[in-house]
Amino acid sequence: MLVLALDTATPASTAALIEVTADGLFGVAESRTVDPRAHGEKLAPEIAAVLAEAGLRPRDLTAIVAGLGPGPFTGLRVGLATAASMGQALGIPTYGVCSLDALGRAAGPGRVLIATDARRREVYYATYADGVRESGPDVAKPADVAVNVDKSAGEGALKYDFGVPVEEHLLYPSGAALVAIAADRVRAGAPSEILTPLYLRRPDAVEPAGRKPVLT
Amino acid sequence: MRDEPLVLGIETSCDETGIGIVRGHTLLADALASSVDQHARFGGVVPEVASRAHLEALVPTMQRALDEAGVTLADIDAIAVTSGPGLAGALLVGVAAAKGYALAAEKPIYGVNHLAAHVAVDTLEHGPLPEPAIAMLVSGGHSSLLLVDDLTAGVTPLGATIDDAAGEAFDKVARLLGLGFPGGPIIDRSARAGDPGSIAFPRGLTAPKDQAAHRFDFSFSGLKTAVARWVEARERAGEPVPVADVSASFQEAVVDVLTTKAIDACLSNGVGTLVIGGGVAANSRLRVLAEERAAKHGIVVRVPRPQLCTDNGAMVAALGSHLVAAGVAPSRLDLPADSAMSLTAVSVPG
Ligand SMILES: [Zn+2]
């Protein structure tokens, strides 16, 4: 079963093709561009590129797995709008995965903090024990993140010091980890899911307090 | 297929998620989801709220459009999407989705200019547009006068608002009169019971001294302030505010300026056709006054029906259909969402 994985929850735009079999996962092709302001321009060409690299066409896809964030909203929505529209056009299911979980899973054994940049001097974060989420996802100032972990990963952990070693090779969610988390759903042909972003923050909007006088 | 292409259009530049499908100049579907109710209590469109709503609405709205037209994505010849101008985050949702549809269905994609699409939509109602034409686009987001030489190539901006958009002025005045949001239809209704000549509100940028630099530009900020001052003076004097008269006099000031400048643009360019689009084109007084003044000079006024004047997917599909029929090259998959997209290009070059 050929699965397309997409994630735009961090400065990276990631598109990957993963073959899911009864007993394993095989990476077919993966493309990643790191540019926090270019998800809208980079992602679609990356999808075209991984398909071309594999000599496959969109109709060969069985399912799409997308990172639901948390992440900066504008970029995050690019991945989810792309995944949802492709799923609809192809008539194939879409599955959502918490983007932090992909990093937590990839970090392997031990207690791990995953932190990504939430801008405004805050991080999106969650903690994992042996790859399984124990707390979060949440958003907070780095100083307010209470950690009882052995190590950390994610570009938020590189940007802010949490007092534990940083797995510097694990900064962005990989396609393989995203698909691994959804593999059971893919194999079972589970019903398609609506891809709702993990926003964690409400929109900034203030109700007007009433009319300001113009006469002074 | 070239003469009558089946084109799907996606519009998400502001608070309306629109998906339209046209075959040539024939409208097959125009599905719309609006987040306007979610913005009402803020008195204006909140970009993040609009962006969230677009993402939620896209897939269901697409399904409604396809069902309404009785076609599938596989039948479509091309996909057009508003690339700009508009709210950056909102545009990006539509552009990303359009790319997803284009990629998955292996169809060409056209990133198009929202303002040019407002002009193109008229062809769905009144057939091919005589060129050159003058287009006046008036809404909560834009107030522009354009010279349309060739709708598939480029459009020449003649003027635009230098402060508030016309629709924005309607919203602000409706708010200060306590009438609600959006202001356009409310003021229009309220004005019917009022006397448009009862209060002399200013006509921005119409003085002889403005002709050199701002002949085809608009300014509505001064008008809005004048209305606010007038209303406040009344309230301070403890007198009731004649809401209908204020609405009618304000509306008259806006449409007087709009029609005067639009007719001037036609006459000075030797153009015999005036197209009016955008949400404010639904204003009943604007339609009447434009017809009246144009008729004196033998100018034909074309105004699409109100549902086509406000933002929708049909207008994007209409422009896309035009581009396909003219053999214009599609855009590439890396086409941007450009919140400040200029009119020099009607579509993003391939
Ligand atoms: Zn518009």
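A note on names: the letters A, B, ... follow the listed sequences, proteins ahead of strands, and every chain is numbered from 1. All values derive from a computational prediction rather than experimental measurement.
With rounding to the nearest 0.5 Å, the separation of OG1 in T196(A) from CG in L55(B) is 7.5 Å. Atom OH of residue Y199(A) and atom CZ of residue R52(B) lie 5.0 Å apart, to the nearest 0.5 angstrom.
In terms of heavy-atom pairs under 4.5 angstrom with chain A, the leader among Q63(B), R332(B), E56(B) is Q63(B). When L43(A), L61(A), L4(A), L90(A) are compared by the number of non-hydrogen pairs under 4.5 Å with chain B, L90(A) comes out ahead. Interface check for chain B: of the options P58(A), S85(A), A38(A), the most heavy-atom pairs under 4.5 Å are formed by S85(A). When the candidates G89(B), P336(B), A337(B) are compared by the number of heavy-atom contacts under 4.5 Å with chain A, P336(B) comes out ahead.
The salt bridge (Lys or Arg N to Asp or Glu O under 4.0 Å) check on R119(A) picks up nothing, with sequence neighbours excluded.
A heavy-atom distance below 4.5 Å is found between the side chains of R59(A) and E106(B). Under the 4.5 Å side-chain criterion, counting only non-hydrogen atoms from C-beta, M86(A) is not in contact with Y101(B).
For R57(A), the part sitting under 4.5 Å from any heavy atom of chain B is the side chain, from C-beta outward, and nothing else. At a 4.5 Å heavy-atom cutoff, the contact between L335(B) and chain A is made by backbone atoms alone. If you measure heavy-atom distances from V46(B) to chain A, the contacts under 4.5 Å come from the side chain alone.
Within a 6.0 Å sphere centred on NZ of K42(A), heavy atoms belonging to other residues, nucleotides or ligands number 12 at most.
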task: Could you give me the CA-CA distance, side-chain angles and deciding distance for E48(B) and R77(A), then say whether salt bridge (charged side-chain N to carboxylate O under 4.0 Å, His left out) is met?
output: CA-CA 11 Å; E48(B) 176 59 23; R77(A) 277 188 289 261; 2.9 Å; yes

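Contact annotation for residues 168-192 of chain A against chain B (heavy-atom separation below 4.5 Å): no residues qualify. Residues of residues 44-54 of chain A that come closer than 4.5 Å to chain B, counting heavy atoms only, are A44(A), P45(A), I47(A), A48(A), ordered by residue number. The contact list for residues 5-14 of chain A toward chain B, using heavy atoms and a distance under 4.5 Å, is empty.
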